[in-house]
Structure formats: structure tokens, C-alpha cells
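These numbers come from a predicted model, not from an experiment. Below, each value reflects all heavy atoms present in this structure, side chains not excepted, and no hydrogens, waters or symmetry copies. Throughout, protein chains are lettered first and strands after them, A, B, ... in sequence-line order, and every chain is numbered starting at 1.
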Amino acid sequence: MTDTLTDTATKPSSARRFWSHYSSTSPITLTILALILGFVIGAIIIMVTSPAVLDSWRHTSHHLGDIGSSLKVSFDSVAAAYRAMITGSILDPTLFVHSISTGHGWDTTLTPISETLTYATPLVIASIGVGIAFQTGIFNIGANGQAIIGGIAGTAVGSMIHCPTIIHLPLTLLAGIAGGAVCGLVPGLLKAYTGAHEVIVTLMFNYVCNAFLLYALTETALQAPNQANDLSRNVDSTAILAPIFGTKSGLRVSYGIFVAAAVVVLAIWFLKRSSLGFDFRITGANPNAARASGINPKFVVIAVFLVSGGLAGLAGGVQMMSTTHYIDGGFLIGNAGIGFTAITIALLGRLQPMGIMWGSLLFAALNVGGRAMQAATGIPLDLATIIQSIVVLFVASPVLIKEIYRLRSGAESFQMATKGWSS
Amino acid sequence: MVHQHFMLVPVFTVAENVVLGFEPTKSFNRLDYKTADAQIHELSEKFGLQVDPRAVVENLPIGLQQRVEILKALSHDAELLILDEPTAVLTPQEIDALMEIMRSLARDGKSILFITHKLKEVRAVADVITIIRQGRVIDSVPPSETENQLAALMVGREVNLTVNKESTELGEPVLEIRDVVVRDDRGLAVVNGVTLDVHAGEIVALAGVQGNGQTELAEAISGLRPIESGTITLRGRDITNHSPRAILDAGLGHVPEDRQRDGLVLSMSVADNLVLNTPRRAPFASRGTRNLKAVSVNATDLVQRFDIRTTGIDATAGSLSGGNQQKVIVARELSRPLTCLLASQPTRGLDVGSIEYVHRQIVNERNQGMGVFIISSELDEVVALGDRIAVMHAGKITGIVDPSTSREDIGLLMAGSTMGAHD
Amino acid sequence: MEFVSTTLAALAEADLVLEVRAPVGRRRAIGALTVLLGLFIVVAFGFGSISGAHSQFTFTPVNTSSGAPWSLGALTVLTRWWNVALGLITVAIGAETWWRRPAGALARFGVGGIIFFFTLLLWAGRQPGPDQTSSINLTSVLIGSSAIAMVLIYGSLSGVLCERSGVVNIAIEGQFIGGALAGAMVDSVTNSFWLAALVGILIGGLIGWLLALLAVRYIADQIIIGVVIVTLLGAMSSYLNIQVLAPYPNLNVGNNPSNVAIPLLYKIPILGPVLFNQNMFFYAAIVLVALVSFGLFRTRWGLRVRSVGEHPKAAESVGINVARVRYTTVILGGAVAGLGGVAFIAVQGQFQPGITSGFGYIALAAMIFGKWKPSGAVVASILFGVSAYLVDALQSYSTPIPTELLQMFPYLITIAVVAGLIGRVRAPASDGVPYKRD
């Protein structure tokens, strides 16, 4: 596979020069190359598993030529799938033209982009939290659990306290932050004072939080009254992030996107302009120099877990407040969980808030488009996750993608702090 | 080859370490511990290296671990043994035992290359002594040569550094080190009762061969390594075991030994590195927000004043030459109010121009009444800069002498002989 | 001399490892905790049940297709006094741990944990009690627990292999999924669990190879790679389930392998059905434990694997090819987990997405709790297996502790161990650290 890909990429010498020109500097190029590879592999998967090809597998013994012709047929299904993905996540040109000419049907036309933004909102927030931890040299694998606790705390405050919007809304958001921060505090304290590896602790904590969610939904007052299932109360209308265009339009995009935008802006400010962010970045880039210049490593570990956990918790709160307005036992668990998606997005966005924002929009588009694809062509939504995983595998192994494209080495662009269990 | 840092697996037994890579086996690839034990017993008998083959290496004292390292080399039928500073980690009794082992190995026809800076030891054990200075063989002499002659060859005669120093008034003591004991990572007391004063307006230079505890002493002063006993005060204020932050704030300037590891964040800009340990101090930040304008004004000023050659203040520290990286650190330290400057190996790896520049800055500070404590393994530097020269050997100060003292005498102190002048 | 730079390097590594307490004190702490656990059992489950209450055990397995053991009548016990006695035994174990501070302190705590779940079961099934349950079928409980313990053993052995060579394998869950999917399909087509096992081994090994390729050759971060591989395999299996398995149900028939009864031994009451009348995957797991234990600690190969995981530089200095050792061991570890994936099919029958339901991560926890040793991994797998089964079984009872909270048990206990709050485990020194030759 490697060879066939490289051959097409390297045969013309001018193309080769083009690649090497870009490769030596730009990490963005590497990301784009990874994306291309992800979609190519996704296409191969669609082709070999399309019904036409599968059918011909069964008849190979009779007609050897069948696979070739059915591959051709399935090539069309790839095109259809990817077309559905794009029109389903961004814009359908025919609907757009229709709306322009008639002035009607804007709701339908704008639904894809509205869904993408809705899906992206909690992803941006959680991924920035994970990205800040990564920048400090801390692996926060526990964003999923922190988001769940944030969602629980948000639901509790949103449904059990009653007060005007002006107080209730910020209070509910704060509850989400606080829930996630408390959940992040535990691994932070354990790492600072016992040296426990944060990866194991946060990984285990995800399951603890999941179990706690089920507990909270079945054994506590959070459970909806007269309800046997694991379902929470609804939060008050004063504590929700309402749809921007009102409930009648059918566009789900909510004021949550402003929360996400605020997080992006704050994160940029935090990393670039705040003293604490500077401490974080120094610690992540060179922990020895950080210590020598008077930064307390214990304090940084605890602080970064508070920030990272707080953002993950906020993501959980916003997810609940902007879409369902209640939580159930499957909260945030679908699609490998928001926490793991956040890890991959943080990597894809190279840990920078803006990069993470684009990465979240991309992943959201893949998922929303994937749903449209499933509806239109029957190809399962999971393809979106497969493509995402492949992209991130390549992004995490820059040396590999360079080798595949025969790029010049030299762009030591991206190095994660790699540590063992015991340190 | 017997490395100074043992190539032993700490959790393995002696036998497992010795046979690793050349394991005797029984059927099914099983390890033949009996044969391994017998091999070790045989070697032990032959060379007089007693050690229990079933002991776990990490539980053995350093001297025995070294013995295992030698056994390992012998078990591979090595004809030439290279011992790299083998006595640095040993007690006097263990050293005597090692000497005995070396002699008996030589009697058995093995060749030994014994690398050390301890003149007594070479004279006691060597058949031929070769002196290397600055990567060049200076001479080969018989062990009958006196220690003085050896020391002269070791330290050389040419003084290629001249620093103009006016005489200044000796002020109050600013840095007082009293009976300080510090352990290294292996738990050895590598600084073992050091007492030393640095007065305002003087440069005290600490000479010594590397690895005699200077590094750990510097780390202890700057708060990076715990002090087991003894006290350190900075202008009368106790800073023993205070945090690095508190010590920096108390007015200690620190030019760390390894600038890339402890002094700089190479991936960050020159401007950020110039405020690395003062990020929260006015005017660089107020109320948790960094003032990037003040940071860049500061950087522009320091780059000009200290003649730091860089493409701009936003260039990364990693893009600078070694000399300019060191200038960044010196500029950073000297630009904040200091009581005392601690500089470890301040000119290591620098070109002549930069060396001269750094020396001039240091003397300037001293002339203005600062106390300066230099730690250097370059004798030329020590002699050129020091108003007083302290010599460290095996964790102790073996003498405090005047810079006019002959280099042979200093060399003797460095090699562990006492002149009777001080102990 | 390199002395200084290496000292600093060591300092850097020591940087965030802070305040490590003495191991002796920790064993005391484990002992104390076990005593507390025992006292809790005595008070809550012993005296917490009224004096006349009794619990009834039955011992005949439900499914006796391969032959029933010698039968054993039902046993009715007084709940209070049995739980008090079992609690006191736990207290005694704890006291012994406190007193002697043995190396097996964690294992002793594990026994205490199993007793805890057992007494909880006794307490929950008491008559007269809150639930109208007639009896507790002890043999069924043990058979159910053994099925979970079995897959955990495969997973934790896979972890032990990989991590002993210095590569963190978070992808166990992914190897489970791959093995389960492939195993279901191959078994359905060929009707042979032998072939299914073989293909599961190959698929698991392939995923191990992917991990090794990216981690060893391309020096990518092992934790991230592991997490992403799990996500990838999860999505892949769900995709293939819809796209391939659903339209072709004959690819996912859902056979169960027949049990192989070991003559005579299987007739022993309780133990017989649990240990000697199982499917081939159960026996294979036991053989694997012995093999891995023997291989790692008795053979030349194992010595080299461990040296690579502890001190790769030392290994290389005596001519051991670090990269090759890591490659082979990680592929082997992946193969073991892949076989474990097929074992899921052997238990559950059909493949369905989410069939592994996070057991890969519990296996990781079991490996850590078992101190990176095959024997320890077995003890931890049994403990976690029993707890996972009982948590599931207890959902139909009203228990004093909500089962959702009991579900946290394996994870909390692993966190406590990793943090050194009780006991301290030591990972191989170079676990997770990529090796670059100078």
C-alpha cells in the first residue's frame, strides 16, 4: 500500500519538489496529507465492503471478472457517500439555489451547517481543555469522565435550583465547570503528591464517572420523578442555551456556540497573555527549566488539571444545556466518547486553540455528514470515526506520513512529551 | 568497558546481569542458573571478586555493583578493560579493593585502561601514565613521576586568559555555606560538609574535576536539590531548603551548568526567555496578565546591551548559537536586582569572543559590589577570575587559595592531595 | 565526563515523582485496610441481618449438557453467623498482613475483596429479607465469574507481555474487538473454533504489529496510538457489523464451543463444573498463564524481554536488538489479546458492537494490580471477574451499597494502588519510553 501511494506522489519530479518544498516547514501540510490518506483509506473500505463487491465475492468461483466490474460500481457508491457527507454537513447546492430563487426553505438549507455547529460546540471546549493539558506535558485521558460529571452538576443546578435566567444560566455553566474541575482535581493531586501516573488514573476515572452517572440517575433526586429508567429531570427553561433562531425554525444551533467562541478567545489569551498560561507552557516545553526558574511543578500539575477538567466539565454542561436539556445513561458515551474524540482533535489542531476549533468543525462535519451519508446511501456512520482515527494515527506519527509521501525529513514540527508509566 | 554509569539492570540478580546476552540454557530455552552461578563462582575465584550470584543488584552497595560490572566484562573474555572514573563512587576501602583487583587482573594478563583524575591512584596502580588535556595526549610517563610533575602536566602552563580586575573593597559576606551535606540521586553524600563564604565585591571560584560534587552544591544553593544538613544564608537570610522561587526572589542569580536543559526553553522566543524567571514581576505582568509590550521592550534593551546576536527578539532561543544562548541567560540574571550571582560552568562550549564577554560582565558585577560564586572545571578560568579559589574534591573543600598559587599546587588539591594549607 | 549530564537527566526523571513512602508502611496500610474490610463485613453483613435469617446455597449447575457432577444437596446457613465468621477470617488475614508485612500483601487484600463480595451476596439473598429469592446457586456464580476472569486473564497477560518489553499496550480493548469480530466470522463460516482461534491470534498479532510499528519504529506516543487504535477498531467493528454481518447473517451465527469435561475431575462438586468442565478457551488461558510465566521468568527469551523493558541501553550493550525484541513481544501480546477476543465469542455466541464493553481496560487495571506479573494478573483477574459478575448479578437484589457504586471497585482499587495509597506497584523502568539508539 505504501509503495503504490508513494509512486503516484513522487513520479513527476516537479511534484516531488512541490512536496518537499512544503514538507520542510508546514505542519498544516502534514495534517492535510493525513486527511487525504484518511479519506483514501475510507474510500477503500467503502469499496471493498459495498454490497456489489460483497456479492461478487460469493460468486468469484464462477465469474472472476466480477470483482473488477463491481469495484467499478462501488466506486460510484464512494462518490455518492462523500457527496452526501459534504452536502449533509455544510450545504446542499440544489437546496441553496432553491432558497435563493424562492426565498423559502432556508431552514432546510441551513440545517446541515446548524447541525455541524451544534455538534462542534462541546467538542471545541473539551478539546481545548485536553490541548492545554497536553501543552503542559500532561495527558488528560479523563476528559470524558470530567465532562460527564460536569453534565451531572449542570443538570443538578439547572433542574433543582430555580431562579431568573440572568443568574441561573451562568450558575449552571459554572456548575459544569466546577464538576469537571473537581473530577480533574483528583488525578492532579494524586500526581503531584504521590507521583501516580495521570494516564492510568484518568483512564480509570472515566469508568468511575460512568458508574457515578448511572448511580446519580437511578438512586438520587436527579432522576426524573416517576421514572424507572436512568433519565434525569429536565433543566429549567432559565438554564438552557436556547436555539439562536428560536425553537420554531427547527435550526438547533444554540447560544452555546458563543460559549465555545468565548472559550477559544479566552484560551488564546490564556496561553499567550496570562502568567499562569506562561507557566504552563514553560513546564510543558522544558520541565527542568521550569523548576529552575521557580515554577512549582506540583502547583502546575494541580492547576492544569483544574483548568483542563473545568473545560471538559463545561463541555458536558453545554452539551446538555444546548441539545437535550436532560441527561440519560448514555450521556456522552456514543462514538467512542467525547473525551477520546477530544484527544484526537487536540492532536489534529496541534494543541493550538484556533487549530482545535478548525479540527472540531472538521470532526463535527464528518459526524453530521456521516449521518446524512448513512441516511442517503446506507453506509454506516462509523465510517466517519474510522476516517478520524486514521487521520490521527498519521498525525501522531509524523515520521510515518513523511515516509509514505517520501518527504524530506527536517520538519521536527511536533513532539509530544513521551513518558513512561513510572514517571 | 566498564561504564561510569553501570549498564546493569537493577531488578535482576547478579547472575542474570552477568550472563545477559550470553545466557547458558537448558532444554526449552530454559535459563541454566546453575551453570551461570558456576561461571560466576569460577570468575570470582579466579580474580578475587567475591559476590553472591543470587543477590539482586539494586540491593547491593555501589562498590559491589561495580564489581558486577567488571565481572560482566570479564565473563565476555575481555582482554582489555576500560574503567571510566571507577573510583568516583567508591569508599576508600572499596577503592583499595578495586586497586587490588586491578593488579590481579593485570597479573593474569589482562590490559586495563584506567581513566581517573586522582593522581594517587594512578601512581599506585598504573604501569604507564598518559596525560590527556583538552582532547590531546600531552605525555606518557612512568608512575615513578612525582605527583607534582603529574599535576603540572595535567593542568598545563599556558594562561591564555587575562582579565583586568581592579582591586575592590571586600564587603560583608553575602553567601554563607555552612557544613552542607547533599546527596545525589543514588543516595551518596557527594557534597559532604562544605563550608564557604562569598563576600560582596569578590569572586570566589570553585575549582575541581567534574563529578566531585560541584553540580550538586550548585543545585543545593539554588533550591533544586534538598540539603540534608547544614545551612545556606543569603545576606544573612536563611535560604536552606527554600523553594527555587523564594531563593530567586531573595536575590540569587543563577547561571545553570546546562543552559539548554535548565536555563532556557529552546522552543520559546528570546523575549520570553529573557523574563523566564521574572514573568510575574512588574512591569512584565500585573494581576496575572502578561504585559507583552514590557516584555519586548525589555528584550530589545537587553539584546542591545548584552550584544545578543539574534534575528529578532521573536526568534526562538534554539535558533541562537551557544554563545548567544548563554548571553541570554547572563542578561536575564544580571538585569534583575541581585545579591549574589552563582554561575556554573559559565563559559562551557563558548567561543573565545563570548568567553571574554561573559568574563567582563562577571567582573563588572563584582566591581559594583556583588558577590560572585563561579563553579568551573576550567582551571584557566578559575585562575583568571577568582579573587579566591576554593578547590573541591570528593565532596569536600580541600583548600582555599590565592589565585597566585602555582597551578601545580591547585592541581594537587584537585587530585585529592592536601597541601596542609587547609582542610 | 558524562557524570553531570546524566545526573541532571536522572534529576529530570525524578522531577515529578515526589515523596515516595516506604514500602513497609504501605503493606501495613493494606493490612489495616483489610482489617477494616473484615470489620465492615462483620458489622454490616453479619450483624446487619436479623439473627434468624438464613441464606440457601445450591450447587447444581444450571447447564449440565456435558454431564452433571456428583450432586450435593442445598445448604442452608445462618446468614449472620456465616458472615461474622467470614468477616473475622478477613480480619485475621488483615492482621496477618499488618503483622508480617508479606510480599503478597496485595494478593491477601484481593482474597479479602472476594470474601467481601461473597458475604454481600449472602446478605442480599437472606430469607426473610427484602427480596423473594429462593437460593443462591454458588456454582453458577463461580462459572459466571470464571468466564469474565478468563477474558481478563487474556487481556492482562497481553499487557504483561507488552509492558515487560517496555511498550504500553492500552490497545488491549482494540485487540479484543478485532479478535472477537474475526473469531465470530471464521467460526460461523467454518464451524470450527480452532480456526477461529487461529484467525483471532493473527488479527490480534496484526494489531500488535501496528502498535509496535508506530511505537517502536515511528516513535509515536504509545498512549495516544493505543487510544486511537481502540477507537479505530470500535468503529471498524460497528461499521462491518452493519455493512457485512447484518446482510449476511450466516457470517455471525453465534455458535458456542462445546465444553470439554475432564474425566472424573469434572464430577467434583462446585469445583468440577467451574474448573474441569469448561470450553477450550478456559483451559488455554490457564496454559497461557503458565507459559507466559515460564517464558518471562525462566527462559533466555524472557530474561532478554525483561532487560529490554527495564534498561534497554544495558540490553543493547550486550548485543540484544531492542527494537526486534519489542516488535516480537508486542506482536505476541497482541496475539494473546486477539485470542481473548475469540474467547468473548465462545462465551457470548454472536458478535455485536460493544461486546467487549471496556473489559480491555479492566484487564489493563488487572495487570497493574497484579504488579506486571502473570500470577498477579491471574489473582487480579479473578478478583475483578468475581466483582464484575456479582455487580451484575446483584442488580436484581436490593443491596446496601448501590451496584453502580460497586461497579467502581476495580477502577478505584487500581487508582489506589497506582497512587501508592495502598501498596505500591513498580512498572518496568522503561515502560512506555521509546528507545532511540545513540
Which bit of C:Val228 comes within less than 4.5 Å of chain A, counting heavy atoms only: side chain, backbone, both or neither? both
Could you tell me which portion of A:Leu189 (side chain, backbone, both or neither) has an atom closer than 4.5 angstrom to a non-hydrogen atom of chain C? neither
Side chain to side chain contact (heavy atoms under 4.5 Å, CB included) evaluation trace for A:Thr49 with C:Tyr239: CA-CA 9 Å; A:Thr49 60; C:Tyr239 178 91; 3.1 Å; yes
Once rounded to the nearest 0.5 Å, what's the spacing between atom CD1 of A:Ile386 and atom OG1 of C:Thr231? 11.5 Å
Hey, could you give me the OG1/OH distance between C:Thr414 and A:Tyr207, rounded to the nearest 0.5 Å? 12.0 Å
Here the gap from C:Thr403 atom OG1 to A:Leu214 atom CG, rounded to the nearest 0.5 Å, amounts to 9.0 Å
Tell me, side chain or backbone of A:Ser397 under 4.5 Å from chain C's heavy atoms, or both, or neither? both
Does A:Phe139 reach the side chain of C:Asp221, with side-chain heavy atoms less than 4.5 Å apart? yes
4.5 Å side-chain heavy-atom contact, C:Gln407 and A:Asn210: no
Where do C:Tyr361 and A:Met204 come nearest, in terms of heavy atoms and distance? O-CE, 3.9 Å
Measure C:Leu233 against the heavy atoms of chain A and call it side chain, backbone, both or neither at under 4.5 Å. neither
Selection from A:Val392, A:Val186, A:Ile45, A:Ile387 maximising heavy-atom pairs under 4.5 Å formed with chain C: A:Ile45
Under the criterion side chain to side chain contact (heavy atoms under 4.5 Å, CB included), I'd like the reasoning laid out for C:Val230 against A:Phe340: C-alpha separation, chi angles, the key distance, then a yes or no. CA-CA 10 Å; C:Val230 175; A:Phe340 290 122; over 6 Å; no
Considering non-hydrogen atoms only, spot the tightest contact between C:Ala419 and A:Thr194 and give its length. O-CB, 3.0 Å
As an exercise, state the distance from NE2 of A:His197 to CG of C:Asp431, rounded to the nearest 0.5 Å. 9.0 Å
With a 4.5 angstrom heavy-atom cut-off, could you sort out which part of A:Ile379 is near chain C: side chain, backbone, both or neither? both
In Å, rounded to the nearest 0.5 Å, how long is the span from CD1 of C:Ile415 to CD1 of A:Ile200? 10.0 Å
Quick one, A:Ile141 with C:Ile170, criterion side chain to side chain contact (heavy atoms under 4.5 Å, CB included). Give me CA distance, side-chain angles, the key distance, then yes/no. CA-CA 11 Å; A:Ile141 312 281; C:Ile170 285 196; 6.0 Å; no
Report the C-alpha distance between A:Asp382 and C:Gln243 in whole Å, list the side-chain angles of each, state the deciding distance to 0.1 Å, and finish with yes or no for side chain to side chain contact (heavy atoms under 4.5 Å, CB included). CA-CA 10 Å; A:Asp382 300 287; C:Gln243 198 76 335; over 6 Å; no
